[in-house]
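Reminder, nothing fancy here: chain letters follow the sequence lines and each chain counts from 1.
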2 protein chains.
Amino acid sequence: MIADPDFSSIATLIADPSRAAMLAALLGGQTLPATELAHCAQISPQTASTHLNKLVAGHLVTVKRQGRHRYYCLASSEVATVLETLATLAPASPVRSFQQSQHAQAIRQARTCYDHLAGQLGVELTRQLVSRNLLNPIEPAYQVTAQGEQWFNELGIDLKLLRQKRRALACQCLDWSERHYHLAGALGAALQSRWFELAWIQRIPASRAVRITEVGRVEFFKMFGIRF
Amino acid sequence: MIADPDFSSIATLIADPSRAAMLAALLGGQTLPATELAHCAQISPQTASTHLNKLVAGHLVTVKRQGRHRYYCLASSEVATVLETLATLAPASPVRSFQQSQHAQAIRQARTCYDHLAGQLGVELTRQLVSRNLLNPIEPAYQVTAQGEQWFNELGIDLKLLRQKRRALACQCLDWSERHYHLAGALGAALQSRWFELAWIQRIPASRAVRITEVGRVEFFKMFGIRF
DNA sequence: TCAAAGTTTCGATGGATATCGAAGTATGAT
DNA sequence: ATCATACTTCGATATCCATCGAAACTTTGA
């Protein structure tokens, strides 16, 4: 028998600033070792260890042992969704240090939202896809237009394959930094991996910020007329 | 400039069991006075007062003064979404007391998910709408079929009016107790208020559980062949 | 004007837990 | 074998904050 669902137990796990920092790092969709996460949260390895145990026990993250390393990653895309949704409500925290400001700028410009692109780049690309009539926004989702069908296939994305997945093809995900929707779902994920394949974007280690490469700058401009 | 969004500040607000209990009560979509909320959380009015101040400061709830009462309600439907999403991840907490078991049963059977129906009733109604070909589930949303168009209008729901709203018409909302989708969005909200109007369901004071009336039992069976 | 009800502020208390040093266990390299 | 690295466990400390009693404030009703 299930009683009242307790938000509080899960919220408690997320509430601690150190744990939140580690979860934020994992929101990049990467798997990271414990020491790396300790570094992200600016805490000692001992402390990180206890935190990570709690996160695993709470089913927010999973571990894989590989030799003397333990690699952690978010337990599921639902966890990522919860974190992103929480971020939507979170107040804009003022920047304190220069380093923080650099990081803030990077993360606002382009970042992964677990498996799809977010930030200015993510939102702008989505806007372009819509204004070029490749996607059609119908409230909680995007519809791929006939033109879009062809365009995505030419880009090397197999829509038929994506449709076979259980997952939603193309949905609207609220961007906490831009306060505007960007493309999520299977198509969003496929698009992101295509940009990575083409090396138009690059991961920044242990961060969910993403670097737009020189090639990317040129090609995104050619393709969409946008400057980054 | 926005830095890393801190989940933790919002999560901290939700993390406290007393505050969580008050938020859960407000998830019914009602506005409740402070004393009532203190009662829900089983804490003294003083303690409730400090908690409610924090929730207001964090923009999770809003207050309206009316005479010597202060009425609280969730600040927005986004807050409700966040709470429901959190509930999705929350572990099934075992029931301890008899009273709790009663409450748990009621809340699982039928409850409001802020402005639409959830629980066994919400899920079952949605299933029926789909199997009768009135709604068509297309991953993150539901599409109203031609038959559905007519059916909803006959029920007294003005779809044209609903479509004019900015809000998504009909989306899939994951039910934490049933682990299945139910109907949300403007249509979900309209449907719920229609059931209330028809008195097929009734609010249980200061709870998000909903009572199915005798009329409701009869009519839901006539309309959908479901027994409650 | 007084009393009662709803709510807040203040101050003291207590419990929970994040933190790290120290020490311990694995794994891998030399 | 020996040492270094990655990580964990234990124990002590310190901080945060939820809680409530006491007292005040405000509104309503008599």
Exercise. Side chains of Ser8(A) and Arg19(B): is there a donor and an acceptor less than 3.5 Å apart?
Worked result: no
Problem set entry | Gap between atoms CG and P, on Asp16(B) and dC20(D) respectively (whole Å) | 11 Å
Exercise. So what does Pro17(B) hit on the nucleic acid, given a heavy-atom distance under 4.0 Å: a base, only sugar-phosphate, or nothing?
Worked result: nothing
For this session: Select one nucleotide: of dA18(C), dA22(D), dT27(D), the one nearest the side-chain heavy atoms of Gln46(B).
Result: dA22(D)
Seminar exercise, completed: Whichever of Ala48(A) and Arg68(A) has the more 5' nearest nucleotide on DNA chain D, that residue is Arg68(A)
For this session: Using distance alone, with no hydrogens and no angle criterion, decide if His182(B) and Asp175(B) have a side-chain donor and acceptor under 3.5 Å apart.
Result: yes
For this session: Would you please say whether a donor-acceptor pair under 3.5 Å links the side chains of Ser9(B) and Asp6(B)?
Result: yes
Exercise. Considering only heavy atoms from C-beta outward, does the side chain of Thr126(A) approach that of Tyr142(A) to under 4.5 Å?
Worked result: yes
For this session: Among the candidates dT8(C), dC20(D), dA6(D), find the nucleotide nearest to the side-chain atoms of Thr47(B).
Result: dC20(D)
Seminar exercise, completed: Per nearest nucleotide of DNA chain C, the residue lying toward the 5' end, Thr12(A) or Arg65(A), is Thr12(A)
For this session: Compare the minimum distances between each of dT19(C), dT9(C), dT7(C) and the side chain of Ile43(A), then state the nucleotide with the smallest one.
Result: dT19(C)
Exercise. Of all the nucleotides listed (dA18(D), dG21(D), dG6(C)), which has the minimum atom distance to the side chain of Ser18(B)?
Worked result: dA18(D)
Problem set entry | Short side-chain donor-acceptor distance under 3.5 Å, Thr88(A) and Thr85(A) | no
For this session: Among dC17(D), dG6(C), dC20(D), find the nucleotide with the atom closest to the side chain of Thr35(B).
Result: dG6(C)
Problem set entry | Whole-Å gap separating C1' (dT9(C)) and CZ (Arg70(B)) | 12 Å
Problem set entry | Out of dG29(D), dT8(D), dC20(D), whichever nucleotide has its closest atom nearest the side chain of Ser44(B) | dC20(D)
For this session: Report the nucleotide, chosen from dC20(C), dT8(C), dC17(D), that has the shortest atom-to-atom distance to any side-chain atom of Lys54(B).
Result: dC17(D)
Exercise. With respect to the side chain of Thr50(B), which nucleotide from dT8(D), dT19(D), dA18(D) is positioned closest?
Worked result: dT19(D)
Seminar exercise, completed: Side-chain contact check for His69(B): nearest option of dT7(C), dA4(C), dA4(D) is dT7(C)
Problem set entry | Nearest-nucleotide 5' precedence on DNA chain C, Gln42(A) against Gln66(A) | Gln42(A)
Exercise. Checking all strands, does Tyr71(B) fall into the base, sugar-phosphate, or nothing category for heavy-atom contacts under 4.0 angstrom?
Worked result: nothing
Exercise. Which of the following nucleotides, dA18(C), dA6(D), dC20(C), is nearest to the side chain of His51(A)?
Worked result: dA18(C)
